[in-house]
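Ligands are counted one by one from 1 in listed order, and the atoms in each one are counted from 1 as well.
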Amino acid sequence: MAEVQTASNGKPRFSRILLKLSGEALAPAQGAGLDLDALAEVALEIKEVAGLGVQLALVIGAGNYIRGTDYEARGMDRSTADQMGMLATVINSLALQHALEKRGLYTRVMSAIQMDQVAEPWIRRRAVRHLEKGRIVVMAAGTGNPYFTTDSAAALRAMEVKAEVILKATQVDGIYSADPKKDPKAKKFDSISYLEVLEKGLKVMDATAISLCMDNRLPIIVFDLGVRGNIMRAVMGEKIGSIVKE
Ligand code: UDP
């Protein structure tokens, strides 16, 4: 996997990336659903990056609708709750596809749960072909399995299509030693190892996703989606947010 460095020669640092968007970062100020204006903004940023010839695989979560564990805590069978969560990622993926197409981009949604009328089935070789042709591939329905998260799906799919990096766009500007909203002494890590993330129990991605990235030396850059231009900065190799690597 690529060693991440800063680059300032005007060329993108990466040629194929997996961008993971958290559902929650695209939620409206109140209640469930999607903030379509925020989504349109993200689509514009993605267009700018795609315009540089960067191949883009996208995974979007569903925290803006359903998290399996929340429903489990309220008495629902976990597998059923997780299946609902995965279906919610398809809703988000379709919205994302629409926002991208409105910007004139070519996209495909590929779903880990078969739903032929709505999306293509996930077929790795076909996904790679789409990427090579410059189509943005939105990878929906997580891994298709309960007890996983879309972070694990992002790690898995990144590996499958040989993305050079996972860009995890979220609501915080990096990885902290504690919740910066609750602990004023919380320290931000510019760079941190996979093992440290696991040992310290930092809430970057779940342990399954981190382990998968560690085993395959896939770097993860965590950054704030709320700052305009951050996706481009990350793609250009600017030092933003926090990076998890060896
Ligand atoms: N989910 C799942 N398997 C997967 C991916 C997702 O069961 O491979 C379910 C799980 O219930 C999860 C929900 O889908 O809580 C939404 O995904 P996630 O919590 O990762 O969304 P995010 O936090 O990124 O918005």
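By the neighbour-count criterion of 12 heavy atoms within 6.0 Å, atom CD of Glu101 is densely surrounded, having more than that number from other residues, nucleotides or ligands. No more than 12 heavy atoms of other residues, nucleotides or ligands lie within 6.0 Å of OH in Tyr106, so this atom counts as exposed by the packing criterion. More than 12 heavy atoms of other residues, nucleotides or ligands shown are found within 6.0 angstrom of CZ on Arg228. Applying the 6.0 Å contact sphere to NZ of Lys188 captures more than 12 heavy atoms from other residues, nucleotides or ligands.
Ligand-side atoms of ligand 1 in range of Ile66: 13 (C), 16 (C), range being under 4.0 angstrom from any heavy atom. Close approach of ligand 1 to Gly23 is summarised as follows: ligand atoms under 4.0 Å from at least one heavy atom of the residue are 25 (O). Here is the list of ligand 1 atoms found below 4.0 Å of a heavy atom in Gly61: 21 (O), 22 (P), 24 (O), 25 (O). Those atoms of ligand 1 with a heavy atom of Pro146 less than 4.0 angstrom away are 7 (O). Heavy-atom proximity to Lys20, at under 4.0 Å, picks out these atoms of ligand 1: 24 (O). Interface atoms of ligand 1 facing Gly142, defined by a heavy-atom separation under 4.0 Å, are 4 (C), 5 (C), 8 (O).
Residues Tyr194 and Ser211 have side chains not in contact (no heavy-atom distance under 4.5 Å, counting atoms from C-beta outward). At least one side-chain heavy atom of Leu26 sits under 4.5 Å from a side-chain heavy atom of Leu225. Counting heavy atoms from C-beta on, the side chains of Arg233 and Ile221 never come closer than 4.5 Å. Looking at heavy atoms from C-beta onward, Arg126 lies in side-chain contact with Pro121 at the 4.5 angstrom threshold.
The protein atom (non-hydrogen) at minimum distance from atom 7 (O) of ligand 1 is Asp82 CB, 3.0 Å. With hydrogens left out, the protein atom closest to atom 3 (N) of ligand 1 is Asn145 O, 2.7 Å, a heavy atom. Nearest protein neighbour of atom 14 (O) of ligand 1, counting heavy atoms only, is Gly85 C, 3.2 Å. The nearest heavy-atom contact from the protein to atom 15 (O) of ligand 1 is Gly68 N, 3.1 Å. Scanning all protein heavy atoms for the shortest distance to atom 19 (O) of ligand 1 gives Arg67 NE, 3.2 Å. If you check which protein heavy atom lies closest to atom 18 (P) of ligand 1, you get Thr150 OG1, 3.3 Å. In terms of protein heavy-atom proximity, atom 21 (O) of ligand 1 is nearest to Ala62 N, 3.0 Å. In terms of protein heavy-atom proximity, atom 2 (C) of ligand 1 is nearest to Phe148 O, 3.0 Å.
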Could you pull out all donor-acceptor pairs under 3.5 Å where a side-chain atom in residues 28-35 meets a protein atom, sequence neighbours excluded?
| unit_1 | atom_1 | unit_2 | atom_2 | d |
| --- | --- | --- | --- | --- |
| Asp35 | OD1 | Asp37 | N | 3.0 |
| Asp35 | OD1 | Ala38 | N | 3.1 |

Donor-acceptor pairs under 3.5 Å, side chain of residues 177-185 to any protein atom, not counting sequence neighbours: which ones?
| unit_1 | atom_1 | unit_2 | atom_2 | d |
| --- | --- | --- | --- | --- |
| Ser177 | OG | Lys187 | N | 2.7 |
| Asp179 | OD1 | Lys181 | N | 2.9 |
| Asp183 | OD1 | Lys185 | N | 2.8 |

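No salt bridge links Lys239 with Asp190; every basic N to acidic carboxylate O contact stays at or beyond 4.0 Å.
Checking each of Ile240, Leu52, Ile46 against Met232 for a side-chain contact (heavy atoms from CB on, under 4.5 Å) leaves exactly one that passes, namely Leu52.
In this structure, Ser152 falls outside the shell of residues with a heavy atom less than 4.0 angstrom from ligand 1. Assignment of Met84 to the shell around ligand 1 is not supported, since no heavy atom sits closer than 4.0 Å.
The shortest N or O to N or O distance between Asn64 and ligand 1 is not under 3.5 Å. Of the polar atoms of Gly63, at least one N or O is found under 3.5 Å from an N or O of ligand 1, judged by distance alone. Below 3.5 Å of separation, one finds an N or O of Thr143 facing an N or O of ligand 1.
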